[in-house]
Amino acid sequence: MNDGLIPNRYAKALYKFAIEEKASEEVYLQMKRLSESYEALPELKKTVDNPFLPVADREKVLLSASGAEKDGCLDKFILMVIKNNRESSMREMALSYGKIYREANNIAQVNIVTATQLPDDKLSQIIEVVQHQLEGKTIERTVTVDKDLIGGFTVQVDSMVLDASIKNELKKLRLKLLKR
């Protein structure tokens, strides 16, 4: 079975439940925190997937990683996921929920990577151009510095990437020279 199918179904069910409970934004922030926890702590997946860890402990771990409250909307979902032995897909469920929420609320994820820390006015110019292109979408942005770019920047909007880095220009030049 498709690995994305099950997490996506669970995420859709959680989204509908969260809408009914008027907690969709709160659950979005919790699921975002949960996926960030999985990324920052690789041992989290091993802990949650451990069949010898009692259900109550797995629940506590996932609640702690998401920042959710006991007996809240996400807690009920987590218990259902554990009961159905689907906790190994919890990170994918969190990512799917985020995607569903952003689509429903007209939110675009924008990741700006620069070679050096940009002054606020330059960063504002980039964001303004991106905002103009997205026509009314709300922007959820992250800005990071990657010295490997050498100079310039990259802007990723959802799955599209604009690469205006010197590293990319050098790569293109290298490929041209190799073709000759």
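Along the sequence shown, residues are numbered consecutively beginning with 1.
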Test side chain to side chain contact (heavy atoms under 4.5 Å, CB included) on V130 and I139; report intermediate values, then the result. CA-CA 9 Å; V130 171; I139 291 180; 4.0 Å; yes

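- Annotation: N84, atom CG; neighbour count of heavy atoms from other residues, nucleotides and ligands within 6.0 Å is above 12.
- Side-chain atoms of D158 and K137, non-hydrogen and from C-beta on, do get closer than 4.5 Å to each other.
- For the residue pair T142/N111, the side-chain donor-acceptor check at 3.5 Å is satisfied.
- Residue E128 places its CD atom among 12 or fewer non-hydrogen atoms of other residues, nucleotides or ligands, all under 6.0 Å distant.
- Residues V110 and Q156 are not in side-chain contact: their nearest non-hydrogen atoms beyond the backbone lie 4.5 Å or more apart.
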Intermediate values then yes/no, side chain to side chain contact (heavy atoms under 4.5 Å, CB included), K122 and Q125: CA-CA 5 Å; K122 296 294 181 193; Q125 286 177 338; 3.6 Å; yes

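- Residue-environment remark: CD (E25) stays at or below the threshold of 12 foreign heavy atoms within 6.0 Å.
- For K70, the NZ atom counts as densely surrounded, since its 6.0 Å shell holds more than 12 non-hydrogen atoms of other residues, nucleotides or ligands.
- A continuous path of Ile, Leu, Val, Met, Phe, Trp and Tyr side chains, each step under 4.5 Å between heavy atoms, connects M90 with L29, placing both in one hydrophobic cluster.
- Residues L53 and L79 do not share a hydrophobic cluster, clusters being chains of Ile/Leu/Val/Met/Phe/Trp/Tyr side chains in contact below 4.5 Å.
- The main-chain N or O of S88 is found under 3.5 Å from a side-chain atom of K45 such that the two form a donor-acceptor pair.
- Within 6.0 Å of NZ in K99 there are 12 or fewer heavy atoms belonging to other residues, nucleotides or ligands.
- Counted within 6.0 Å of CZ on R141, heavy atoms from surrounding residues, nucleotides or ligands total 12 or fewer; the atom is thus considered open.
- Taking hydrophobic clusters as Ile, Leu, Val, Met, Phe, Trp and Tyr residues chained together by side-chain heavy-atom distances below 4.5 Å, V55 shares a cluster with L62.
- With rounding to the nearest 0.5 angstrom, the NZ atom of K12 is 14.0 Å from the CE atom of M93.
- Ring orientation note: the planes of Y101 and Y15 are nearly perpendicular, at an angle over 60° on the 30°/60° scale.
- The shortest distance between side-chain heavy atoms of S66 and L74 falls below 4.5 Å.
- Side-chain N or O atoms of S165 include one that pairs as donor or acceptor with a backbone N or O of N168 at under 3.5 Å.
- We find that E140 and K32 are joined by a salt bridge, their nearest charged nitrogen and carboxylate oxygen being less than 4.0 Å apart.
- By the 6.0 Å contact criterion, CD on E69 is open, its count of non-hydrogen atoms from other residues, nucleotides or ligands being 12 or less.
- Of the possible polar contacts, none joining the S64 side chain to the V61 backbone as a donor-acceptor pair under 3.5 Å is found.
- Residues Y10 and L95 do not share a hydrophobic cluster, defined by chaining ILVMFWY side chains whose heavy atoms lie under 4.5 Å apart.
- V113 belongs to a hydrophobic cluster whose other members, connected by ILVMFWY side-chain contacts under 4.5 Å either directly or through intermediates, are L149.
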